[in-house]
Chemist: 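Pasting a structure here, questions to come.
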Amino acid sequence: MTNKDGSSGTRILLTRHGETHWNRIRRFQGRSNLPLNAAGRKQARALALALKDEPLSAIYSSPLLRAMETAKFIKVFHPSVPLFDEAGLVEMDLGDFEGLEAQHWATKYPDFLKTWQARPASVKMPGGESLSEVQVRALDALERIIQFHPPGSTLLLCCHNFVNLTILCYALGIPLDRFREIRQETATLNILYMKGKRLRAEVVNESSHLQRLNETMSN
């Protein structure tokens, strides 16, 4: 069994969940278990339509509601494909910063903000995780998932902003201190390949399906 490009590695469709109310108002979400908002459900449907013809072997999702909802929209077009929740794909634990609005956080924690902007890989969220901890568990989960499927499989992962960013940093060979060079919009798509121990990214932050959605909504 081979992928669309003829390779015998595992093809990974790495997606981010659709929008929630806290995404909209820029409140730190982390492990908070919010559902998709109306816009997020439309984004998830658009993503699902874009992926409807993909030969999926399995779908893996973070157990958080916003990710599982997005994954279930995708599964509608793949009714026979199994959907699993994977704890290793859960969003970064933001600890004491959970639930704070971005503008208030920046005012309340100026010293942390300064370090986070200059050397983000060197800090850990108070009571939560660091970027490196997120990367280690996300890559461990990815490696474990791949071992369950034969080479040539196409797997879909529905995850979160920081989880995706740390995986993509690894695949692109970018240090975590430079994670801001990568963007992850809500309901975006990334395409990665794993062959042996080598993970590479071919498509990052693909959102043409969302652009079409926005055009439809504006007409």
Side-chain angles (χ1 to χ4, degrees), residues 12-52 54 56 59-78 83 85-86 88-94 97-103 105 120 125 129 131 134-135 138 141-142 155-169 171-172 179-192 201-219:
I12 302 150
L13 306 180
L14 178 66
T15 66
R16 186 186 176 195
H17 62 81
E19 184 185 85
T20 70
H21 177 61
W22 280 18
N23 288 137
R24 174 65 62 90
I25 65 173
R26 299 187 69 242
R27 176 172 286 174
F28 296 155
Q29 204 160 202
R31 303 285 177 87
S32 295
N33 208 12
L34 278 78
L36 300 177
N37 62 13
R41 291 191 293 274
K42 290 178 181 178
Q43 290 175 347
R45 280 193 288 269
L47 176 61
L49 281 168
L51 298 173
K52 66 183 179 66
E54 290 290 344
L56 301 183
I59 301 171
Y60 290 84
S61 174
S62 156
L64 292 177
L65 183 57
R66 58 192 185 270
M68 286 298 296
E69 281 187 327
T70 303
K72 287 175 181 178
F73 273 105
I74 296 168
K75 183 172 167 56
V76 166
F77 295 101
H78 305 272
L83 168 60
D85 65 87
E86 170 51 62
L89 301 178
V90 73
E91 180 58 306
M92 185 178 193
D93 187 345
L94 301 181
F97 299 151
E98 185 80 18
L100 293 178
E101 292 188 12
Q103 59 182 5
W105 171 78
M125 302 297 168
E129 291 182 295
L131 287 172
V134 175
Q135 186 180 62
L142 179 58
L155 307 175
L156 186 133
L157 276 58
C158 192
C159 309
H160 303 271
N161 184 49
F162 284 115
V163 171
N164 286 9
L165 289 173
T166 59
I167 291 174
L168 289 167
C169 279
L172 294 167
F179 81 91
R180 292 186 184 88
E181 295 177 14
I182 309 169
R183 296 288 299 172
Q184 284 295 278
E185 309 301 335
T186 49
T188 196
L189 169 67
N190 311 279
I191 301 177
L192 296 80
E202 289 207 341
V203 175
V204 176
N205 202 36
E206 163 60 34
S207 59
S208 58
H209 52 286
L210 301 180
Q211 293 167 9
R212 291 192 294 271
L213 173 64
N214 293 336
E215 290 168 2
T216 301
M217 293 174 64
S218 63
N219 290 332

Chemist: Can you check whether L131 reaches F162 side chain to side chain, under 4.5 Å on heavy atoms?
Modeler: yes
Chemist: Ignoring hydrogens, what is the shortest heavy-atom contact between A44 and F73? Give both atom names and the distance.
Modeler: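 Smallest interatomic distance, heavy atoms only, reads CB-CD1, 3.5 Å.
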Chemist: What is the minimum heavy-atom distance between L36 and G18, and which atoms define it?
Modeler: CD2-O, 3.2 Å
Chemist: Is a side-chain donor or acceptor of H160 paired with a backbone partner of A67 at a separation under 3.5 angstrom?
Modeler: no
Chemist: With the side chain counted from C-beta on, respond yes when L13 and I191 share a heavy-atom pair under 4.5 Å apart, and no when they do not.
Modeler: yes
Chemist: Can you list the steps and then say if M125 with D93 is a side chain to side chain contact (heavy atoms under 4.5 Å, CB included)?
Modeler: CA-CA 8 Å; M125 302 297 168; D93 187 345; over 6 Å; no
Chemist: Supply the atom-to-atom distance I59 CD1 to K75 NZ, rounded to the nearest 0.5 angstrom.
Modeler: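 Here the rounded value is 6.0 Å.
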Chemist: Got a sec, which residues hit side chain to side chain contact (heavy atoms under 4.5 Å, CB included) with P63, two or more places apart in sequence or on another chain?
Modeler: D85, V90
Chemist: Applying salt bridge (charged side-chain N to carboxylate O under 4.0 Å, His left out), which residue pairs with at least one partner in residues 17-27 are found, sequence neighbours left out?
Modeler: E19-R24, R27-E101
Chemist: Does the pair L34 and L65 meet the rule for a side chain to side chain contact (heavy atoms under 4.5 Å, CB included), with working shown?
Modeler: CA-CA 6 Å; L34 278 78; L65 183 57; over 6 Å; no
Chemist: Quick one: closest heavy-atom pair of Q135 and C169, and the distance?
Modeler: NE2-CB, 4.2 Å
Chemist: When you check the side-chain N and O atoms of T186 and Q43, is any donor under 3.5 Å from an acceptor?
Modeler: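 On atom types as modelled, these side chains qualify, holding a pair under 3.5 Å.
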Chemist: Among V203, L157, V204, L168, which residue satisfies the side-chain contact (heavy atoms from CB on, under 4.5 Å) criterion with L192?
Modeler: L168
Chemist: Just so I know, are the side chains of H17 and E91 near enough to count as touching, which here means a heavy-atom distance under 4.5 Å?
Modeler: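 With C-beta onward as the side chain, the pair stays apart.
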Chemist: Check side chain to side chain donor-acceptor pair (under 3.5 Å) between S61 and all other residues, then give those that pass, not counting sequence neighbours.
Modeler: none
Chemist: Check whether any side-chain N or O of E206 sits under 3.5 Å from a backbone N or O of S208 as a donor-acceptor pair, and report yes or no.
Modeler: yes
Chemist: To the nearest 0.5 angstrom, please state how far the CH2 atom of W22 sits from the CG atom of N37.
Modeler: 13.5 Å
Chemist: Just verifying a value: how many Å separate I74 CD1 and R45 CZ, rounded to the nearest 0.5 Å?
Modeler: 13.0 Å
Chemist: Dump the intermediate steps for side chain to side chain contact (heavy atoms under 4.5 Å, CB included) on H78 and L83, then the final yes or no.
Modeler: CA-CA 10 Å; H78 305 272; L83 168 60; over 6 Å; no
Chemist: Closest heavy-atom contact between T15 and C158?
Modeler: OG1-CA, 3.4 Å
Chemist: Working to the nearest 0.5 angstrom, can you tell me the gap between I167 CD1 and L142 CG?
Modeler: 5.5 Å
Chemist: If the condition is salt bridge (charged side-chain N to carboxylate O under 4.0 Å, His left out), which residues does E98 pass it with, not counting sequence neighbours?
Modeler: none
Chemist: Between H209 and L51, is there a side-chain heavy-atom distance shorter than 4.5 Å?
Modeler: no
Chemist: Hey, are the side chains of E54 and F77 touching, using non-hydrogen atoms and a 4.5 Å cut-off?
Modeler: no
Chemist: Atom CZ of R16 and atom CG of N161: how far apart are they, to the nearest 0.5 Å?
Modeler: 4.0 Å
Chemist: Compare all side-chain heavy atoms of L14 with those of C159 and state whether any distance is below 4.5 angstrom.
Modeler: yes
Chemist: For R31, give me all partners under salt bridge (charged side-chain N to carboxylate O under 4.0 Å, His left out), at least two apart in sequence or on another chain.
Modeler: E129
Chemist: Going from NE2 on H21 to CZ on R66, what distance comes out if it is rounded to the nearest 0.5 angstrom?
Modeler: 13.5 Å
Chemist: So which atom in A187 and which in L210 form the shortest heavy-atom distance, rounded to 0.1 Å?
Modeler: O-CD1, 3.9 Å
Chemist: For Y60, enumerate each residue passing the ring pair (Phe, Tyr, Trp, His ring centres under 6.0 Å) test, keeping only those at least two apart in sequence or located in another chain.
Modeler: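 F84, H149.
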Chemist: Might you point out which heavy atoms bring G30 and L64 nearest each other, and give the distance in Å?
Modeler: O-CD1, 3.6 Å
